[in-house]
There are 2 protein chains.
Amino acid sequence: MSAPLHERIRREIEAAILSGELQPGARLPVEHELMERYGCARMTVSKALQSLAAAGLVERRKRAGSFVARPRVHSMVLDIPDLEQEVTGRGQVYRFELARRIVRAPDPARADEVALAGRGDLLAIEGVHFADGVPLASEQRLVSLAAVPELAAQDFGRVSPGAWLLKHVPWTEAETRIAAVGADRLVAGHLGVADGTACLFVERRTWRGDEGITLVRQHFVGAAYDLVARFGAAR
Amino acid sequence: MSAPLHERIRREIEAAILSGELQPGARLPVEHELMERYGCARMTVSKALQSLAAAGLVERRKRAGSFVARPRVHSMVLDIPDLEQEVTGRGQVYRFELARRIVRAPDPARADEVALAGRGDLLAIEGVHFADGVPLASEQRLVSLAAVPELAAQDFGRVSPGAWLLKHVPWTEAETRIAAVGADRLVAGHLGVADGTACLFVERRTWRGDEGITLVRQHFVGAAYDLVARFGAAR
DNA sequence: CCTGCAATTATGTCTATACATTAATGGCAA
DNA sequence: TTGCCATTAATGTATAGACATAATTGCAGG
(Lines give C-alpha, C1' and ligand atoms only; values in the text may rest on other atoms or scores of the structure.)
Protein backbone atom coordinates (compact mmCIF):
# COMPACT_ATOMS: atom_id res chain seq x y z
CA MET A 1 0.00 0.00 0.00
CA SER A 2 2.35 2.60 1.31
CA ALA A 3 5.44 1.73 -0.65
CA PRO A 4 7.04 4.85 -2.09
CA LEU A 5 5.74 5.69 -5.51
CA HIS A 6 9.11 5.44 -7.23
CA GLU A 7 9.49 1.96 -5.79
CA ARG A 8 6.11 0.96 -7.11
CA ILE A 9 6.91 2.27 -10.57
CA ARG A 10 10.21 0.49 -10.47
CA ARG A 11 8.67 -2.79 -9.47
CA GLU A 12 5.98 -2.67 -12.13
CA ILE A 13 8.48 -2.08 -14.89
CA GLU A 14 10.81 -4.69 -13.48
CA ALA A 15 8.00 -7.22 -13.40
CA ALA A 16 7.14 -6.48 -17.00
CA ILE A 17 10.75 -7.12 -17.97
CA LEU A 18 11.19 -10.29 -15.97
CA SER A 19 7.92 -11.73 -17.20
CA GLY A 20 9.08 -11.22 -20.76
CA GLU A 21 6.24 -8.82 -21.50
CA LEU A 22 8.91 -6.28 -22.37
CA GLN A 23 11.47 -7.99 -24.58
CA PRO A 24 15.16 -7.13 -24.51
CA GLY A 25 15.73 -4.16 -26.75
CA ALA A 26 12.17 -2.94 -26.40
CA ARG A 27 11.74 0.73 -25.80
CA LEU A 28 9.95 1.66 -22.67
CA PRO A 29 7.57 4.58 -22.26
CA VAL A 30 9.27 7.95 -22.13
CA GLU A 31 9.33 9.82 -18.87
CA HIS A 32 6.48 12.16 -19.79
CA GLU A 33 4.23 9.22 -20.54
CA LEU A 34 5.02 7.61 -17.21
CA MET A 35 4.44 10.95 -15.47
CA GLU A 36 0.93 11.02 -16.86
CA ARG A 37 0.25 7.36 -16.20
CA TYR A 38 1.20 7.67 -12.53
CA GLY A 39 0.20 11.29 -12.13
CA CYS A 40 3.53 12.32 -10.62
CA ALA A 41 6.50 14.57 -11.25
CA ARG A 42 9.28 13.76 -13.64
CA MET A 43 11.88 13.35 -10.86
CA THR A 44 9.86 10.49 -9.51
CA VAL A 45 9.73 8.38 -12.64
CA SER A 46 13.31 9.35 -13.30
CA LYS A 47 14.32 7.91 -9.95
CA ALA A 48 12.63 4.62 -10.79
CA LEU A 49 14.30 4.44 -14.18
CA GLN A 50 17.71 5.39 -12.81
CA SER A 51 17.44 2.64 -10.29
CA LEU A 52 16.60 0.11 -13.00
CA ALA A 53 19.53 1.38 -15.00
CA ALA A 54 21.84 1.01 -12.01
CA ALA A 55 20.69 -2.59 -11.64
CA GLY A 56 21.50 -3.18 -15.29
CA LEU A 57 17.96 -4.02 -16.29
CA VAL A 58 17.49 -1.07 -18.60
CA GLU A 59 19.78 1.12 -20.63
CA ARG A 60 19.08 4.79 -21.04
CA ARG A 61 20.19 6.94 -23.93
CA LYS A 62 19.63 10.64 -24.23
CA ARG A 63 17.31 11.73 -26.93
CA ALA A 64 16.62 8.07 -27.78
CA GLY A 65 14.82 6.87 -24.67
CA SER A 66 15.09 3.96 -22.24
CA PHE A 67 15.38 0.39 -23.42
CA VAL A 68 15.30 -3.04 -21.85
CA ALA A 69 18.94 -4.07 -21.64
CA ARG A 70 20.05 -6.94 -23.80
CA PRO A 71 21.22 -9.73 -21.58
CA ARG A 72 24.94 -9.55 -21.19
CA VAL A 73 26.53 -12.89 -21.78
CA HIS A 74 28.99 -12.11 -19.06
CA SER A 75 27.14 -11.12 -15.98
CA MET A 76 28.77 -8.35 -14.02
CA VAL A 77 28.67 -10.59 -11.06
CA LEU A 78 29.94 -13.94 -12.21
CA ASP A 79 31.13 -15.39 -15.42
CA ILE A 80 28.71 -18.14 -16.09
CA PRO A 81 31.15 -19.65 -18.41
CA ASP A 82 29.99 -20.14 -21.94
CA LEU A 83 32.40 -22.87 -22.85
CA GLU A 84 32.08 -22.35 -26.57
CA GLN A 85 33.01 -18.72 -26.33
CA GLU A 86 35.81 -19.40 -23.93
CA VAL A 87 37.37 -22.10 -26.05
CA THR A 88 37.16 -20.17 -29.29
CA GLY A 89 38.37 -17.10 -27.41
CA ARG A 90 41.58 -18.98 -26.69
CA GLY A 91 41.97 -19.69 -30.36
CA GLN A 92 41.03 -23.34 -30.09
CA VAL A 93 38.42 -25.22 -32.08
CA TYR A 94 35.23 -25.91 -30.16
CA ARG A 95 32.93 -28.85 -30.68
CA PHE A 96 29.92 -30.16 -28.76
CA GLU A 97 29.03 -33.76 -29.20
CA LEU A 98 25.53 -34.81 -28.28
CA ALA A 99 25.33 -38.19 -26.64
CA ARG A 100 21.70 -38.36 -25.60
CA ARG A 101 18.61 -36.20 -25.82
CA ILE A 102 15.23 -37.24 -24.54
CA VAL A 103 12.06 -35.59 -23.35
CA ARG A 104 10.69 -37.07 -20.19
CA ALA A 105 8.52 -36.33 -17.19
CA PRO A 106 10.31 -35.34 -13.97
CA ASP A 107 11.15 -38.15 -11.62
CA PRO A 108 8.51 -37.69 -8.89
CA ALA A 109 11.00 -38.94 -6.32
CA ARG A 110 13.34 -36.01 -7.02
CA ALA A 111 11.91 -32.83 -5.62
CA ASP A 112 14.35 -30.64 -7.56
CA GLU A 113 13.26 -32.15 -10.88
CA VAL A 114 9.60 -31.68 -10.08
CA ALA A 115 10.17 -28.08 -9.04
CA LEU A 116 12.16 -27.37 -12.18
CA ALA A 117 9.65 -28.93 -14.54
CA GLY A 118 6.72 -26.92 -13.23
CA ARG A 119 3.64 -28.10 -15.11
CA GLY A 120 5.58 -29.39 -18.12
CA ASP A 121 8.16 -31.97 -19.13
CA LEU A 122 11.91 -31.92 -18.98
CA LEU A 123 14.40 -32.08 -21.79
CA ALA A 124 17.38 -34.15 -20.73
CA ILE A 125 20.60 -33.64 -22.63
CA GLU A 126 23.94 -35.37 -22.31
CA GLY A 127 27.03 -34.49 -24.21
CA VAL A 128 30.71 -33.67 -24.22
CA HIS A 129 32.53 -30.39 -24.89
CA PHE A 130 35.75 -30.61 -26.87
CA ALA A 131 38.58 -28.13 -27.28
CA ASP A 132 40.80 -28.87 -30.27
CA GLY A 133 39.36 -32.34 -30.34
CA VAL A 134 40.31 -33.06 -26.73
CA PRO A 135 37.46 -33.66 -24.26
CA LEU A 136 37.16 -30.75 -21.87
CA ALA A 137 33.94 -31.40 -20.00
CA SER A 138 31.07 -33.80 -19.83
CA GLU A 139 27.65 -32.31 -19.31
CA GLN A 140 24.28 -33.53 -18.14
CA ARG A 141 21.53 -30.99 -18.39
CA LEU A 142 17.83 -30.75 -17.63
CA VAL A 143 15.78 -27.93 -19.11
CA SER A 144 12.22 -27.04 -18.22
CA LEU A 145 10.15 -27.16 -21.39
CA ALA A 146 7.44 -25.18 -19.64
CA ALA A 147 9.90 -22.29 -19.31
CA VAL A 148 11.57 -22.73 -22.70
CA PRO A 149 9.15 -24.32 -25.15
CA GLU A 150 11.19 -23.13 -28.15
CA LEU A 151 13.89 -25.52 -27.11
CA ALA A 152 11.99 -28.62 -28.22
CA ALA A 153 12.55 -27.62 -31.83
CA GLN A 154 16.25 -26.92 -31.34
CA ASP A 155 18.83 -29.28 -32.77
CA PHE A 156 21.93 -29.68 -30.63
CA GLY A 157 24.08 -31.54 -33.10
CA ARG A 158 26.77 -28.90 -32.90
CA VAL A 159 25.77 -25.91 -30.73
CA SER A 160 25.98 -26.42 -27.01
CA PRO A 161 22.69 -26.10 -25.17
CA GLY A 162 24.36 -23.79 -22.66
CA ALA A 163 25.33 -21.26 -25.30
CA TRP A 164 21.88 -21.40 -26.84
CA LEU A 165 20.19 -20.83 -23.50
CA LEU A 166 22.45 -17.92 -22.58
CA LYS A 167 21.52 -16.19 -25.82
CA HIS A 168 17.82 -16.87 -25.77
CA VAL A 169 16.74 -17.09 -22.15
CA PRO A 170 18.35 -14.54 -19.85
CA TRP A 171 18.54 -15.70 -16.26
CA THR A 172 18.00 -13.51 -13.30
CA GLU A 173 19.14 -15.79 -10.57
CA ALA A 174 21.66 -18.59 -10.38
CA GLU A 175 23.03 -20.96 -7.83
CA THR A 176 26.26 -22.79 -8.37
CA ARG A 177 27.71 -25.69 -6.43
CA ILE A 178 31.30 -26.58 -6.96
CA ALA A 179 33.14 -29.62 -5.73
CA ALA A 180 36.01 -31.90 -6.60
CA VAL A 181 35.23 -35.52 -7.34
CA GLY A 182 37.07 -38.49 -8.73
CA ALA A 183 35.79 -39.41 -12.19
CA ASP A 184 33.36 -42.32 -12.24
CA ARG A 185 33.18 -44.84 -15.04
CA LEU A 186 30.75 -42.82 -17.20
CA VAL A 187 32.53 -39.50 -16.85
CA ALA A 188 35.96 -41.05 -17.25
CA GLY A 189 34.73 -42.61 -20.47
CA HIS A 190 33.43 -39.29 -21.78
CA LEU A 191 36.59 -37.45 -20.88
CA GLY A 192 39.05 -40.13 -21.83
CA VAL A 193 40.83 -40.21 -18.48
CA ALA A 194 41.49 -42.91 -15.90
CA ASP A 195 38.80 -43.70 -13.35
CA GLY A 196 39.29 -41.64 -10.22
CA THR A 197 41.07 -38.72 -11.89
CA ALA A 198 40.35 -35.47 -10.04
CA CYS A 199 37.55 -33.57 -11.78
CA LEU A 200 35.97 -30.22 -11.09
CA PHE A 201 32.27 -30.78 -10.65
CA VAL A 202 29.96 -27.84 -11.28
CA GLU A 203 26.23 -27.95 -10.69
CA ARG A 204 24.23 -24.91 -11.59
CA ARG A 205 20.57 -24.02 -11.41
CA THR A 206 19.25 -20.90 -13.04
CA TRP A 207 15.95 -19.11 -12.72
CA ARG A 208 14.15 -16.34 -14.47
CA GLY A 209 12.02 -14.60 -11.90
CA ASP A 210 10.97 -17.58 -9.84
CA GLU A 211 10.55 -19.98 -12.69
CA GLY A 212 13.29 -22.59 -12.95
CA ILE A 213 15.02 -22.80 -16.30
CA THR A 214 17.76 -25.35 -16.20
CA LEU A 215 19.87 -27.60 -14.02
CA VAL A 216 23.24 -28.58 -15.36
CA ARG A 217 25.98 -30.80 -14.03
CA GLN A 218 29.39 -30.57 -15.61
CA HIS A 219 32.59 -32.50 -14.98
CA PHE A 220 35.80 -30.83 -16.06
CA VAL A 221 39.15 -32.50 -16.42
CA GLY A 222 40.80 -31.08 -13.34
CA ALA A 223 44.12 -30.32 -14.89
CA ALA A 224 42.68 -28.63 -17.96
CA TYR A 225 40.28 -26.13 -16.55
CA ASP A 226 39.82 -23.73 -13.76
CA LEU A 227 37.15 -21.34 -12.86
CA VAL A 228 37.85 -17.74 -12.10
CA ALA A 229 35.47 -15.33 -10.48
CA ARG A 230 36.22 -11.73 -9.72
CA PHE A 231 34.19 -9.58 -7.40
CA GLY A 232 34.21 -5.95 -6.53
CA ALA A 233 32.04 -3.68 -4.52
CA ALA A 234 28.71 -3.27 -6.25
CA ARG A 235 28.23 0.01 -8.06
CA MET B 1 36.66 18.39 -14.25
CA SER B 2 33.10 18.18 -15.37
CA ALA B 3 31.97 15.16 -13.44
CA PRO B 4 28.54 15.74 -11.96
CA LEU B 5 28.67 17.16 -8.50
CA HIS B 6 26.82 14.29 -6.87
CA GLU B 7 29.36 11.93 -8.42
CA ARG B 8 32.22 13.96 -7.04
CA ILE B 9 30.71 13.98 -3.56
CA ARG B 10 30.13 10.29 -3.79
CA ARG B 11 33.67 9.55 -4.85
CA GLU B 12 35.21 11.67 -2.13
CA ILE B 13 33.26 9.95 0.60
CA GLU B 14 33.92 6.57 -0.93
CA ALA B 15 37.63 7.27 -1.01
CA ALA B 16 37.57 8.28 2.64
CA ILE B 17 35.91 4.99 3.50
CA LEU B 18 38.15 2.79 1.41
CA SER B 19 41.28 4.48 2.68
CA GLY B 20 40.21 3.74 6.22
CA GLU B 21 40.01 7.41 7.10
CA LEU B 22 36.38 6.81 7.98
CA GLN B 23 36.20 3.66 10.08
CA PRO B 24 33.29 1.24 9.94
CA GLY B 25 30.58 2.51 12.24
CA ALA B 26 31.77 6.10 12.03
CA ARG B 27 29.10 8.68 11.53
CA LEU B 28 29.45 10.77 8.46
CA PRO B 29 28.58 14.44 8.19
CA VAL B 30 24.87 15.13 8.11
CA GLU B 31 23.33 16.34 4.89
CA HIS B 32 23.21 19.98 5.94
CA GLU B 33 26.91 19.96 6.66
CA LEU B 34 27.69 18.48 3.27
CA MET B 35 25.37 21.01 1.65
CA GLU B 36 27.45 23.79 3.12
CA ARG B 37 30.76 22.15 2.36
CA TYR B 38 29.91 21.72 -1.31
CA GLY B 39 27.61 24.70 -1.58
CA CYS B 40 24.79 22.73 -3.13
CA ALA B 41 21.20 21.71 -2.52
CA ARG B 42 20.17 18.94 -0.20
CA MET B 43 18.89 16.73 -3.03
CA THR B 44 22.40 16.66 -4.45
CA VAL B 45 24.18 15.38 -1.37
CA SER B 46 21.24 13.09 -0.78
CA LYS B 47 21.74 11.54 -4.17
CA ALA B 48 25.38 10.87 -3.40
CA LEU B 49 24.55 9.29 -0.06
CA GLN B 50 21.71 7.22 -1.49
CA SER B 51 24.05 5.87 -4.08
CA LEU B 52 26.58 4.91 -1.43
CA ALA B 53 23.80 3.26 0.54
CA ALA B 54 22.69 1.31 -2.53
CA ALA B 55 26.24 0.07 -2.95
CA GLY B 56 26.25 -1.06 0.66
CA LEU B 57 29.07 1.21 1.73
CA VAL B 58 27.02 3.29 4.14
CA GLU B 59 23.92 2.71 6.17
CA ARG B 60 21.39 5.47 6.67
CA ARG B 61 19.00 5.76 9.56
CA LYS B 62 16.38 8.43 9.99
CA ARG B 63 16.96 10.82 12.79
CA ALA B 64 20.27 9.10 13.55
CA GLY B 65 22.33 9.93 10.49
CA SER B 66 24.49 8.09 7.99
CA PHE B 67 27.17 5.64 9.06
CA VAL B 68 29.93 3.72 7.39
CA ALA B 69 28.56 0.20 7.05
CA ARG B 70 30.16 -2.48 9.12
CA PRO B 71 31.70 -5.03 6.81
CA ARG B 72 29.27 -7.83 6.25
CA VAL B 73 30.93 -11.14 6.78
CA HIS B 74 28.76 -12.57 4.07
CA SER B 75 29.07 -10.43 1.05
CA MET B 76 25.88 -10.09 -0.88
CA VAL B 77 27.74 -11.25 -3.88
CA LEU B 78 29.72 -14.27 -2.82
CA ASP B 79 30.17 -16.13 0.35
CA ILE B 80 33.84 -15.91 0.95
CA PRO B 81 33.58 -18.83 3.24
CA ASP B 82 34.66 -18.31 6.77
CA LEU B 83 35.37 -21.91 7.57
CA GLU B 84 35.16 -21.44 11.31
CA GLN B 85 31.70 -19.98 11.12
CA GLU B 86 30.53 -22.54 8.66
CA VAL B 87 31.73 -25.48 10.65
CA THR B 88 30.34 -24.26 13.96
CA GLY B 89 27.16 -23.28 12.12
CA ARG B 90 26.69 -26.93 11.28
CA GLY B 91 27.05 -27.79 14.93
CA GLN B 92 30.51 -29.25 14.62
CA VAL B 93 33.59 -28.39 16.61
CA TYR B 94 36.07 -26.23 14.75
CA ARG B 95 39.81 -26.19 15.26
CA PHE B 96 42.66 -24.56 13.40
CA GLU B 97 46.08 -26.04 13.79
CA LEU B 98 49.02 -23.87 12.93
CA ALA B 99 51.83 -25.73 11.20
CA ARG B 100 54.16 -22.90 10.25
CA ARG B 101 54.32 -19.16 10.61
CA ILE B 102 57.19 -17.06 9.37
CA VAL B 103 57.79 -13.50 8.29
CA ARG B 104 59.81 -13.22 5.15
CA ALA B 105 60.53 -10.95 2.23
CA PRO B 106 58.67 -11.68 -1.00
CA ASP B 107 60.39 -13.96 -3.44
CA PRO B 108 61.62 -11.49 -6.08
CA ALA B 109 61.11 -14.15 -8.74
CA ARG B 110 57.37 -14.26 -8.04
CA ALA B 111 55.69 -11.14 -9.33
CA ASP B 112 52.48 -11.82 -7.42
CA GLU B 113 54.33 -11.98 -4.11
CA VAL B 114 56.19 -8.76 -4.80
CA ALA B 115 52.97 -7.01 -5.79
CA LEU B 116 51.20 -8.27 -2.70
CA ALA B 117 53.98 -7.28 -0.30
CA GLY B 118 54.14 -3.67 -1.47
CA ARG B 119 56.95 -2.01 0.45
CA GLY B 120 56.79 -4.44 3.39
CA ASP B 121 57.29 -8.08 4.25
CA LEU B 122 54.97 -11.04 4.00
CA LEU B 123 53.60 -13.19 6.76
CA ALA B 124 53.43 -16.78 5.57
CA ILE B 125 51.09 -19.08 7.42
CA GLU B 126 50.42 -22.78 6.97
CA GLY B 127 47.85 -24.76 8.82
CA VAL B 128 44.96 -27.18 8.76
CA HIS B 129 41.26 -26.64 9.46
CA PHE B 130 39.47 -29.40 11.37
CA ALA B 131 35.77 -30.15 11.75
CA ASP B 132 35.02 -32.47 14.67
CA GLY B 133 38.66 -33.46 14.71
CA VAL B 134 38.64 -34.50 11.04
CA PRO B 135 40.86 -32.55 8.65
CA LEU B 136 38.72 -30.46 6.31
CA ALA B 137 41.17 -28.24 4.51
CA SER B 138 44.83 -27.42 4.36
CA GLU B 139 45.73 -23.78 3.95
CA GLN B 140 48.74 -21.81 2.81
CA ARG B 141 48.40 -18.09 3.19
CA LEU B 142 50.45 -14.98 2.54
CA VAL B 143 49.46 -11.69 4.13
CA SER B 144 50.91 -8.29 3.35
CA LEU B 145 52.27 -6.81 6.56
CA ALA B 146 52.33 -3.41 4.91
CA ALA B 147 48.54 -3.61 4.59
CA VAL B 148 47.89 -5.30 7.92
CA PRO B 149 50.62 -4.42 10.40
CA GLU B 150 48.44 -5.40 13.39
CA LEU B 151 48.70 -8.97 12.23
CA ALA B 152 52.31 -9.38 13.31
CA ALA B 153 51.19 -9.32 16.93
CA GLN B 154 48.40 -11.81 16.37
CA ASP B 155 48.69 -15.36 17.68
CA PHE B 156 47.13 -17.98 15.46
CA GLY B 157 47.30 -20.92 17.80
CA ARG B 158 43.56 -21.41 17.63
CA VAL B 159 41.80 -18.76 15.54
CA SER B 160 42.08 -19.12 11.80
CA PRO B 161 43.80 -16.24 10.06
CA GLY B 162 40.97 -16.09 7.55
CA ALA B 163 38.36 -15.40 10.21
CA TRP B 164 40.56 -12.79 11.83
CA LEU B 165 41.14 -11.00 8.55
CA LEU B 166 37.45 -11.01 7.64
CA LYS B 167 36.65 -9.31 10.91
CA HIS B 168 39.43 -6.78 10.95
CA VAL B 169 40.25 -5.97 7.35
CA PRO B 170 37.25 -5.61 5.07
CA TRP B 171 38.06 -6.37 1.45
CA THR B 172 36.63 -4.51 -1.47
CA GLU B 173 37.77 -6.72 -4.27
CA ALA B 174 38.45 -10.41 -4.57
CA GLU B 175 39.51 -12.85 -7.20
CA THR B 176 38.99 -16.56 -6.78
CA ARG B 177 40.41 -19.40 -8.81
CA ILE B 178 38.93 -22.81 -8.36
CA ALA B 179 40.19 -26.08 -9.72
CA ALA B 180 40.27 -29.78 -8.95
CA VAL B 181 43.61 -31.38 -8.27
CA GLY B 182 44.86 -34.66 -6.98
CA ALA B 183 46.39 -34.32 -3.53
CA ASP B 184 50.18 -34.16 -3.50
CA ARG B 185 52.31 -35.64 -0.74
CA LEU B 186 52.18 -32.56 1.53
CA VAL B 187 48.46 -31.94 1.22
CA ALA B 188 47.60 -35.62 1.51
CA GLY B 189 49.62 -35.68 4.71
CA HIS B 190 47.78 -32.68 6.13
CA LEU B 191 44.40 -34.04 5.20
CA GLY B 192 45.04 -37.66 6.04
CA VAL B 193 44.01 -39.03 2.65
CA ALA B 194 45.74 -41.09 0.01
CA ASP B 195 47.99 -39.37 -2.52
CA GLY B 196 46.03 -38.40 -5.62
CA THR B 197 42.65 -38.07 -3.91
CA ALA B 198 40.48 -35.48 -5.67
CA CYS B 199 40.68 -32.17 -3.84
CA LEU B 200 38.98 -28.86 -4.41
CA PHE B 201 41.68 -26.24 -4.79
CA VAL B 202 40.75 -22.65 -4.05
CA GLU B 203 43.11 -19.74 -4.57
CA ARG B 204 41.91 -16.33 -3.55
CA ARG B 205 43.44 -12.88 -3.63
CA THR B 206 41.76 -9.98 -1.91
CA TRP B 207 42.33 -6.26 -2.10
CA ARG B 208 41.24 -3.20 -0.26
CA GLY B 209 41.12 -0.38 -2.74
CA ASP B 210 44.16 -1.29 -4.82
CA GLU B 211 46.32 -2.51 -2.00
CA GLY B 212 46.73 -6.28 -1.86
CA ILE B 213 45.84 -7.88 1.44
CA THR B 214 46.21 -11.60 1.21
CA LEU B 215 46.70 -14.57 -1.07
CA VAL B 216 45.43 -17.88 0.17
CA ARG B 217 45.54 -21.37 -1.27
CA GLN B 218 43.29 -24.00 0.24
CA HIS B 219 42.88 -27.67 -0.51
CA PHE B 220 39.60 -29.25 0.55
CA VAL B 221 38.90 -32.92 0.82
CA GLY B 222 36.76 -33.30 -2.29
CA ALA B 223 34.15 -35.52 -0.75
CA ALA B 224 33.71 -33.44 2.37
CA TYR B 225 33.17 -29.95 1.08
CA ASP B 226 31.54 -28.04 -1.64
CA LEU B 227 31.27 -24.43 -2.43
CA VAL B 228 27.97 -22.77 -3.09
CA ALA B 229 27.45 -19.38 -4.58
CA ARG B 230 24.14 -17.74 -5.28
CA PHE B 231 23.62 -14.78 -7.52
CA GLY B 232 20.70 -12.55 -8.27
CA ALA B 233 20.15 -9.38 -10.15
CA ALA B 234 21.78 -6.55 -8.25
CA ARG B 235 19.41 -4.38 -6.31
C1' DC C 1 13.71 4.36 38.71
C1' DC C 2 11.14 3.47 35.13
C1' DT C 3 7.48 4.78 31.70
C1' DG C 4 5.50 7.13 28.25
C1' DC C 5 4.76 11.26 25.72
C1' DA C 6 6.42 15.12 23.12
C1' DA C 7 9.85 17.81 20.93
C1' DT C 8 13.54 17.60 17.89
C1' DT C 9 16.32 16.23 14.23
C1' DA C 10 17.79 13.66 10.44
C1' DT C 11 16.56 11.23 6.47
C1' DG C 12 12.69 9.91 2.88
C1' DT C 13 9.63 11.27 -0.65
C1' DC C 14 7.78 14.33 -3.83
C1' DT C 15 6.75 18.58 -6.63
C1' DA C 16 7.69 22.11 -9.92
C1' DT C 17 10.95 24.23 -12.52
C1' DA C 18 15.24 25.43 -15.03
C1' DC C 19 18.93 24.68 -17.84
C1' DA C 20 22.52 21.33 -19.81
C1' DT C 21 23.74 17.60 -22.75
C1' DT C 22 23.28 14.29 -26.19
C1' DA C 23 21.99 12.25 -30.34
C1' DA C 24 18.23 11.02 -33.69
C1' DT C 25 15.95 13.36 -37.45
C1' DG C 26 14.81 15.83 -41.27
C1' DG C 27 15.77 19.30 -44.42
C1' DC C 28 18.99 22.00 -47.21
C1' DA C 29 22.82 22.48 -50.14
C1' DA C 30 26.74 20.68 -52.79
C1' DT D 1 22.39 10.98 -53.74
C1' DT D 2 25.57 12.52 -50.04
C1' DG D 3 27.08 15.24 -46.38
C1' DC D 4 26.34 18.62 -43.03
C1' DC D 5 23.79 21.30 -39.81
C1' DA D 6 19.97 23.07 -37.23
C1' DT D 7 16.08 21.36 -34.86
C1' DT D 8 14.14 18.97 -31.34
C1' DA D 9 13.07 15.27 -28.34
C1' DA D 10 14.79 12.75 -24.92
C1' DT D 11 17.51 12.13 -20.60
C1' DG D 12 20.96 14.36 -17.03
C1' DT D 13 21.80 17.50 -13.41
C1' DA D 14 20.53 20.70 -10.15
C1' DT D 15 17.69 23.98 -7.11
C1' DA D 16 14.40 25.21 -3.47
C1' DG D 17 10.94 24.04 -0.81
C1' DA D 18 7.09 21.16 1.35
C1' DC D 19 5.51 17.59 3.93
C1' DA D 20 6.18 12.63 5.71
C1' DT D 21 8.37 9.41 8.66
C1' DA D 22 11.21 7.51 11.98
C1' DA D 23 13.93 7.38 15.99
C1' DT D 24 16.61 9.64 19.60
C1' DT D 25 16.41 12.40 23.54
C1' DG D 26 14.82 14.65 27.33
C1' DC D 27 11.22 15.77 30.41
C1' DA D 28 7.22 14.91 33.28
C1' DG D 29 4.59 12.00 36.05
C1' DG D 30 3.76 7.82 38.21
Side-chain angles (χ1 to χ4, degrees), chain A residues 1-17 22-70 72 76 234-235, chain B residues 1-17 22-70 72 76 234-235:
Chain A
M1 296 296 116
S2 60
L5 182 53
H6 65 85
E7 256 304 303
R8 220 188 94 209
I9 299 174
R10 191 215 138 109
R11 272 210 308 275
E12 290 189 13
I13 297 176
E14 183 179 63
I17 292 173
L22 285 170
Q23 292 288 322
R27 179 176 183 169
L28 24 116
V30 299
E31 295 187 344
H32 271 98
E33 210 171 315
L34 292 171
M35 282 171 65
E36 281 193 15
R37 183 185 308 176
Y38 290 97
C40 68
R42 199 181 133 223
M43 278 286 294
T44 306
V45 304
S46 182
K47 196 166 187 178
L49 291 175
Q50 296 242 20
S51 145
L52 286 166
L57 274 175
V58 310
E59 193 192 335
R60 314 191 71 194
R61 292 207 312 279
K62 291 186 201 192
R63 162 68 214 214
S66 301
F67 302 84
V68 179
R70 303 194 171 278
R72 291 149 301 170
M76 284 191 326
R235 267 304 129 84
Chain B
M1 291 297 118
S2 60
L5 182 53
H6 67 85
E7 255 304 303
R8 219 188 95 208
I9 298 175
R10 191 216 138 111
R11 272 209 308 275
E12 289 189 13
I13 297 176
E14 183 179 63
I17 292 173
L22 285 169
Q23 291 288 323
R27 177 174 185 171
L28 24 115
V30 298
E31 295 187 345
H32 271 97
E33 211 171 314
L34 292 171
M35 281 171 65
E36 281 193 16
R37 184 185 308 176
Y38 291 97
C40 66
R42 197 179 135 226
M43 278 286 292
T44 306
V45 304
S46 183
K47 196 166 189 181
L49 291 175
Q50 295 242 21
S51 145
L52 286 166
L57 274 174
V58 311
E59 194 190 334
R60 313 190 72 193
R61 291 208 310 279
K62 291 186 202 195
R63 162 68 215 217
S66 301
F67 301 85
V68 178
R70 301 195 172 278
R72 292 149 300 170
M76 282 191 327
R235 266 305 127 81

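Letters A, B, ... mirror the listed sequences (proteins, then strands); counts begin at 1.
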Please write out the pairs of protein N or O atoms and N or O atoms of nucleotides 3-13 of chain D separated by less than 3.5 Å, giving the distance to one decimal.
{"from": "D:dT8", "atom 1": "O2", "to": "A:Arg63", "atom 2": "NH1", "distance (Å)": "2.9"}
{"from": "D:dA9", "atom 1": "O4'", "to": "A:Arg63", "atom 2": "NH1", "distance (Å)": "3.0"}
{"from": "D:dT11", "atom 1": "OP2", "to": "A:Glu31", "atom 2": "N", "distance (Å)": "3.2"}
{"from": "D:dG12", "atom 1": "OP2", "to": "A:Arg60", "atom 2": "NH1", "distance (Å)": "2.5"}
{"from": "D:dG12", "atom 1": "O4'", "to": "A:Lys62", "atom 2": "NZ", "distance (Å)": "3.4"}
{"from": "D:dG12", "atom 1": "N7", "to": "A:Arg42", "atom 2": "NH2", "distance (Å)": "2.8"}
{"from": "D:dG12", "atom 1": "O6", "to": "A:Arg42", "atom 2": "NH1", "distance (Å)": "3.3"}

Residue-phosphate contact under 4.0 Å: A:Thr44 side-chain N/O, C:dT13 OP1/OP2:
no
In Å and rounded to the nearest 0.5 Å, what is the CD to OG distance from A:Glu14 to A:Ser51?
8.0 Å
Write down the distance between CD (A:Glu36) and P (C:dT15), rounded to a whole number of angstrom.
14 Å
Can you list everything that forms a side-chain contact (heavy atoms from CB on, under 4.5 Å) with B:Ala53? Sequence neighbours excluded, please.
B:Val58, B:Arg60
Who are the side-chain hydrogen bond (donor to acceptor under 3.5 Å, both in side chains) partners of A:Ser46, not counting sequence neighbours?
none
If I take atom CE in residue A:Met35 and atom C1' in nucleotide C:dC14, what distance separates them, rounded to the nearest angstrom?
12 Å
Residues in salt bridge (charged side-chain N to carboxylate O under 4.0 Å, His left out) contact with B:Arg42, at least two apart in sequence or another chain:
B:Glu31
Partners of A:Arg61 by side-chain hydrogen bond (donor to acceptor under 3.5 Å, both in side chains), sequence neighbours excluded?
none
Name every donor-acceptor pair, under 3.5 Å, that has one atom in a side chain of residues 33-41 of chain A and the other anywhere in the protein, sequence neighbours excluded.
{"from": "A:Tyr38", "atom 1": "OH", "to": "A:Glu12", "atom 2": "OE1", "distance (Å)": "2.7"}

How long is the line joining CD1 of A:Ile9 and P of C:dC14, in whole Å?
8 Å
